[in-house]
Structure formats: structure tokens, C-alpha cells
Amino acid sequence: MNDHALDGYEISTDPACLDADRVHHWLSTDSYWAVDRPRELQDRAVAGSLNFGLYETGSGRQAGYARVVTDHATFAWLCDVYICRDDRGRGLGTALVEAIADHLTPCGLSRLTLATKDAHGVYEKVGFRALVSPEQWMTLGLIDPGPVEI
């Protein structure tokens with residue numbers, strides 16, 4: 001892990017440390033994937049996930065967040081990765097994702113997946129790559145997003 005990037009910051013999976021109001025505000029107002037996500041839905045997502053908070057050392061101010069949906073045995077999905085705008089540009093997103101991968105390594109997972117529209121470079125630094133056989137993957141949208149643009 002890039003400990004230098006974390007100078008002045010620490011990562012915790014302690015749910016008691018999460019600033020749920022701040023996380024909900026970030027995701028529901030400043031992310032393309034969760035804009036207008038209702039608080040009740042966000043709270044359910046947090047409750048069913050392994051959550052990682054990035055905190056400023058000393059003050060405890062939350063500066064980042066990510067969650068993982070996993071069975072801790074075979075599969076994990078990384079989602080809702082967010083770094084506060086005031087803290088971006090310091091390598092914190094990469095450091096957070098590295099810490100998550102390190103945390104999950106002892107589980108022996110077959111894969112850790114994610115979806116991103118614009119942050120491929122961040123994840124590639126940690127070792128993520130495009131699907132080798134995307135034709136093997138399928139998805140079921142339970143909420144109809146409307147027509148797919150081609």
C-alpha cells in the first residue's frame with residue numbers, strides 16, 4: 001500500500017466512525033451513480049456492506065468512503081468509492097482501494113469487481129483490468145432505466 005499517500009489520514013472499517021450524513025450527502029449530490037439516492041436506501045446499503053472510511057488523522061473528519069458487497073469467500077463488488085473534493089489529488093483514492101484489496105486478500109476471493117464510468121486510471125494503478133471475457137457476464141436490471149442508448 002502507498003503509505004505516503006495516507007500521511008495525515010487513516011482508514012477504518014469501524015461502522016461507528018462513519019459520518020452517515022456526510023456520506024449520503026456526497027453520494028446523493030456529487031456522484032453520477034447515486035444522485036438523488038434516498039437516505040433510507042443509502043442506510044440499507046451501508047448496513048448490508050463492509051464499509052471503509054478514510055479519516056483525517058487527529059480531527060477524525062471523514063475524507064473518503066467506499067463499500068464492498070461480499071460473501072467474504074468467493075466474490076466481492078467494490079462500489080460507492082468517493083473522496084471529498086477538498087482532499088482529491090493526493091492519491092487517496094488509490095490508497096483507499098489498495099487498502100480494501102489488502103483487507104480482502106486473506107479471504108481468498110476469486111475476484112473483486114467494480115464498475116466505473118470515468119476512473120479507470122485510479123483502479124488500474126491497483127491492478128484492476130477490463131473483463132477478460134465480458135461475453136460471459138450478464139446483468140439483470142430490476143429497476144427499468146428506460147431505453148439503452150446505442
How many angstroms lie between atom CZ of R67 and atom OG1 of T13, to the nearest 0.5 angstrom?
15.5 Å
Shared hydrophobic cluster, I11 / V46 (ILVMFWY, side-chain heavy atoms < 4.5 Å)
no
Can you check side-chain hydrogen bond (donor to acceptor under 3.5 Å, both in side chains) on Y9 and R90, steps first, answer last?
CA-CA 11 Å; Y9 296 87; R90 300 176 188 165; 2.4 Å; yes
If you count the non-hydrogen atoms of other residues, nucleotides and ligands that lie under 6.0 Å from NE2 in H25, is the total more than 12?
no
Write down the atom of S31, the atom of A34, and the distance for their closest heavy-atom approach.
OG-N, 3.2 Å
hydrophobic_cluster_shared for Y123 and L92, side chain cutoff 4.5 Å
yes
How far does CD of Q42 sit from CG of D21, to the nearest 0.5 angstrom?
11.0 Å
From D36 CG over to L27 CG, what is the distance, rounded to the nearest 0.5 angstrom?
12.0 Å
Answer yes or no: is there a side-chain heavy-atom contact under 4.5 Å between Y82 and D30?
yes
Indicate the atoms forming the closest heavy-atom contact of D14 with S12, along with that distance.
N-OG, 2.9 Å
So do the side chains of L6 and E98 get within less than 4.5 Å of each other, counting heavy atoms only?
no
Are I100 and Y55 connected into the same hydrophobic cluster when the rule is that any two of I, L, V, M, F, W, Y join if their side-chain heavy atoms are below 4.5 Å apart?
no
Can you name the nearest heavy-atom pair linking P38 to H24, along with the distance?
C-NE2, 3.6 Å
Evaluate the side-chain proximity of L54 to I83: yes if any heavy-atom separation is below 4.5 Å, no if none is.
yes
Indicate if V23 and Y32 have the same hydrophobic cluster label, given that clusters are the connected sets of ILVMFWY residues with side-chain heavy-atom separations under 4.5 angstrom.
yes
Check whether any side-chain N or O of Q62 sits under 3.5 Å from a backbone N or O of D19 as a donor-acceptor pair, and report yes or no.
yes
Neighbour count above 12 (heavy atom, 6.0 Å) for W77 CH2
no
Do L109 and T74 come close enough that some side-chain heavy atom pair is under 4.5 Å?
no
Evaluate the side-chain proximity of T113 to F75: yes if any heavy-atom separation is below 4.5 Å, no if none is.
yes
Ring centres under 6.0 Å, that's the criterion: do F52 and H103 meet it?
yes
Nearest heavy-atom pair of R22 and C84: which atoms, and what distance?
NH2-SG, 3.5 Å
So do the side chains of W33 and V81 get within less than 4.5 Å of each other, counting heavy atoms only?
no
Do the non-hydrogen side-chain atoms of L114 and C79 ever get within less than 4.5 Å of each other?
no
Can you confirm whether L131 sits close enough to Q136 that some side-chain heavy atom of one is under 4.5 Å from a side-chain heavy atom of the other?
no
Would you check, one step at a time, whether the test side-chain hydrogen bond (donor to acceptor under 3.5 Å, both in side chains) holds for D80 with W26?
CA-CA 10 Å; D80 288 345; W26 284 337; over 6 Å; no
Donor-acceptor pair, distance only, cut-off 3.5 Å: does the side chain of N51 make one with the backbone of S49?
yes
Heavy atoms of L104 and L50 approach each other most closely as CD2-CD2, 4.0 Å
Testing the 3.5 Å rule here: is there a donor-acceptor pair between the side chains of D102 and T105?
no
Strictly below 4.0 Å, N to O, side chains only: are D43 and R37 in salt-bridge contact?
no
